[in-house]
Amino acid sequence: MPRSDEAEFWINAVYAAVQEIPIGKVTSYGHIALLLGQRNPGAQNDKRKHYAKKV
């Protein structure tokens, strides 16, 4: 299934951000989201998890 341009952009942005993490160091998904400009990534993820549990 082909990816949309928006999906391709985010995949590349996340990959680039992860490459900046020094070897031997860790970070969170939330921190990466903040680096990419997501203001409150946890709230949206919580909604997705809640929805996924209902399906």
Side-chain angles (χ1 to χ4, degrees):
M1 179 176 192
R3 295 181 181 143
S4 68
D5 290 340
E6 183 179 7
E8 194 68 34
F9 169 81
W10 281 107
I11 291 166
N12 290 333
V14 170
Y15 184 79
V18 170
Q19 294 302 308
E20 295 297 318
I21 302 168
I23 294 174
K25 299 293 182 177
V26 297
T27 192
S28 68
Y29 292 119
H31 184 244
I32 292 170
L34 288 172
L35 292 174
L36 297 176
Q38 297 293 312
R39 293 179 189 253
N40 191 0
Q44 188 170 0
N45 287 338
D46 289 343
K47 290 177 188 174
R48 287 184 189 151
K49 288 176 191 172
H50 181 71
Y51 175 77
K53 288 180 183 178
K54 287 184 170 183
V55 175

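For the single chain, residues carry numbers from 1 onward in sequence order. Keep in mind the model is a prediction, meaning the values are calculated, not measured.
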#### Entry: Cluster link Phe9 to Leu36, ILVMFWY, side chain under 4.5 Å
yes
### Query
Is atom CG of Asp5 surrounded by more than 12 heavy atoms (other residues, nucleotides or ligands) closer than 6.0 Å?
no
### Task
Establish whether Trp10 and Val18 are linked, either directly or via other cluster members, by ILVMFWY side-chain heavy-atom contacts under 4.5 Å.
yes
### Message
Nearest 0.5 angstrom please: Asn12 CG to Arg3 CZ, how far?
### Response
8.5 Å
### Query
Counting only heavy atoms not in Glu6, do more than 12 sit closer than 6.0 Å to its CD atom?
no
